[in-house]
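Okay, structure first, notes after.
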Amino acid sequence: MRRWGETARRIAATTRTSEKTRLLAEALARLAPDELAPAATWFTGRPFPESDQRSTGLGWATIAEVATRLAGVPPAAIGAAYDRSSDLGTAVGEVLAGRPEPPDPAASPSIRDVADAFAAIEAASGTAAKGAILESLLARCDAATATAIAKILAGELRIGLREGLLEAAIARAFDRPLADVQWAGMLTGDVGEVAVLARDDRLAGARLRLFHPLRFMLASPAEDAAAIIARLGPVAWVEDKYDGIRAQLHRQGDDVRIWSRDLNEIGGQFPEVVAAAAGLAWDGILDGELLAIRDGTVLPFLALQKRLGRKAPPDRLLAEVPVAFVAFDALALGSRASEVEPLLRRPLAERRARLEALELPLAAPGRLALSHVESVDSIDGLEEAFARARARRNEGLMVKDPASSYSPGRRGYGWLKMKKALATLDCVVVGVEVGHGKRHGVLSDYTFAVRDEATGGLATIGKAYTGLTDAEIAEMTAWFEAHTIRRLGRYRVVEPSVVVEVAFDVIQRSGRHASGFALRFPRIVRLRTDKSAADVDTLATVATLWRELQAGAEHLVTMTVTRSGLAPVGKAQE
Ligand code: AMP
């Protein structure tokens, strides 16, 4: 394990991708057969493979507590170390480096020992039992190895390794085509297994495994109908851009699970959808959007929001805000688990035909639906479709190339999104914090406010990581350092004079901020050096925008689920 940690450090120390790949390929090639799978998996920064449902259940607090106990230092010591690096693994190493009696190097654990300890931690119940296993593992490690282990457990390796690079290293280590490694990785969701298959020259034998989320295909932005037709023409498909939650539904037998766009499992929040999908006659993976729909009409996002984060929602809430899954793609289908066939490389037109053949709206009325598709073949046709979608108060359109394959995790040109940006708000920065990850040394998290004209004071409305360039962040960090009024732990109250333009998706009523409003998906678009704190937007403007958005959301209610899909009421009767 010491060697694994050393490799990780050497990979972190170089910024050159080719060098990272070379180091990793060499390390993978020299691992013993039973070490390859876990060691490769850990390079993704997680203790178990992505497709593995297990997690160690160890929180950061337990890891920190174990480290301070082992080192015989007060609990606050790790907080101070963490403040210096913003990295739990580094903080653990720093604390353990001060142990009065360093462990015997001969006792240093092997990769197998660590893998066994991770499995034992997962299997143990209760924080105390889990912590005790970790403690006996870390007791045998030098500080650097403990750092590596803590980083894996915290899920934050931070050595600048993307999954693509790991796949490239596997291809290189065992001299296999990269495309074969990538395809096997996507099907299995298990780099450890892929490394073993590559080593044994069995990549072609990789089978699709359900119940690990595939990355979502994303759309590239496009404003201009002419450019879209030029790119996707002669015929493009358009779908309304629904304002719900992107979701991937897996089913096999009566086991149904749903993942969100950030690959978290969210099925528990939507029991009615899970129950409806459980009774059907196919196995596979569908891509779609979760929407709140009552009596066949789509409710505003604000209604759906009441359901978010509510595991096992009470019956009252299920009745108030019923949710449906509107499918727009089929990523894999089959009639029995053994026959589930990946469809990602098939054209959208074929995937859609397979999806429609499932007759979801009939099989699970009101719970599973199909997106409404139209095809357009001219600039005018596309503009009209966009205007109709906007008139229905949708965000815009998704324009899709019927010949395109499904590219997981890519923002390609197979799908284009056509939408009009909402108004932005000019806000003043009132507080800052150091960021995480590659932004850990800089003040990159901004809390911002608008002006409350009633009191003349400022009212906070949101917090966001900056979308500024590294140079701007460095410059602003120096400025904020010099203009800190007060430090409250990691948070600094700063002189309110820097104005930023903030984009967002929706304004919501919320008690989280002093303004009484919050922004959904706030993004800092740019610094407004041309503005001062006196020029920022007012609470009255925010309230007006909020009212307009509410009115818009109500128009969304004019959609209904029909047999052929989710369509605007008027359109369906045309
Ligand atoms: P954006 O979040 O602006 O990048 O837009 C992409 C998102 O639009 C996806 O993640 C989906 O949640 C959402 N979306 C809404 N309707 C559709 C649709 N018909 N096809 C694909 N994505 C859609």
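Just so you know, these numbers come straight off a predicted model, no measurement behind them. Whatever order the structure lists them in is the order used to number ligands and atoms, beginning at 1.
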Which protein heavy atom lies closest to [atom], and at what distance to 0.1 Å?
atom: atom 9 (C) of ligand 1; answer: Arg246 NH1, 3.4 Å
atom: atom 8 (O) of ligand 1; answer: Lys241 NZ, 3.3 Å
atom: atom 20 (N) of ligand 1; answer: Lys400 NZ, 2.9 Å
atom: atom 17 (C) of ligand 1; answer: Met398 CG, 3.5 Å
atom: atom 11 (C) of ligand 1; answer: Glu289 OE1, 3.1 Å
atom: atom 3 (O) of ligand 1; answer: Lys419 NZ, 2.9 Å
atom: atom 19 (N) of ligand 1; answer: Glu239 OE1, 2.7 Å
atom: atom 2 (O) of ligand 1; answer: Arg261 NH1, 3.2 Å

Using 4.0 Å as the upper bound for N to carboxylate O, is an ion pair formed by [Y] and [X]?
X: Glu341; Y: Arg354; result: yes
X: Asp255; Y: Arg257; result: yes
X: Glu472; Y: Arg526; result: no
X: Arg158; Y: Asp87; result: yes

Among residues at least two apart in sequence or on other chains, which ones pass side-chain contact (heavy atoms from CB on, under 4.5 Å) with Thr460?
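Expected list: Val430, Thr447, Ala449, His513, Ala514.
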Listed by chain and number, what are the side-chain contact (heavy atoms from CB on, under 4.5 Å) partners of Asp287, not counting sequence neighbours?
Phe216, Arg246, Phe328, Asp329, Leu331, Tyr406, Trp415
Just which atoms of ligand 1 are under 4.0 Å from any heavy atom in Tyr242?
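Result: 15 (C), 16 (N).
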Under 3.5 Å, N or O to N or O, is Lys417 touching ligand 1 that way?
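Yes; at least one N/O pair falls below 3.5 Å.
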For Ser371, is at least one N or O under 3.5 Å away from an N or O on ligand 1?
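In this structure, Ser371 places no N or O atom under 3.5 Å from an N or O of ligand 1.
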Establish, for the pair Arg345 and Trp183, whether the NZ or CZ atom is under 6.0 angstrom from the six-membered ring centre and no further than 45 degrees off its axis.
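Judged by the rule (NZ or CZ under 6.0 Å from the ring centre, within 45° of its axis), Arg345 counts as positioned above Trp183.
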Do any heavy atoms of Ile245 fall under 4.0 Å from ligand 1?
no
Identify which one of Thr188, Leu166, Leu187, Thr41 satisfies the side-chain contact (heavy atoms from CB on, under 4.5 Å) criterion when paired with Val194.
Thr188
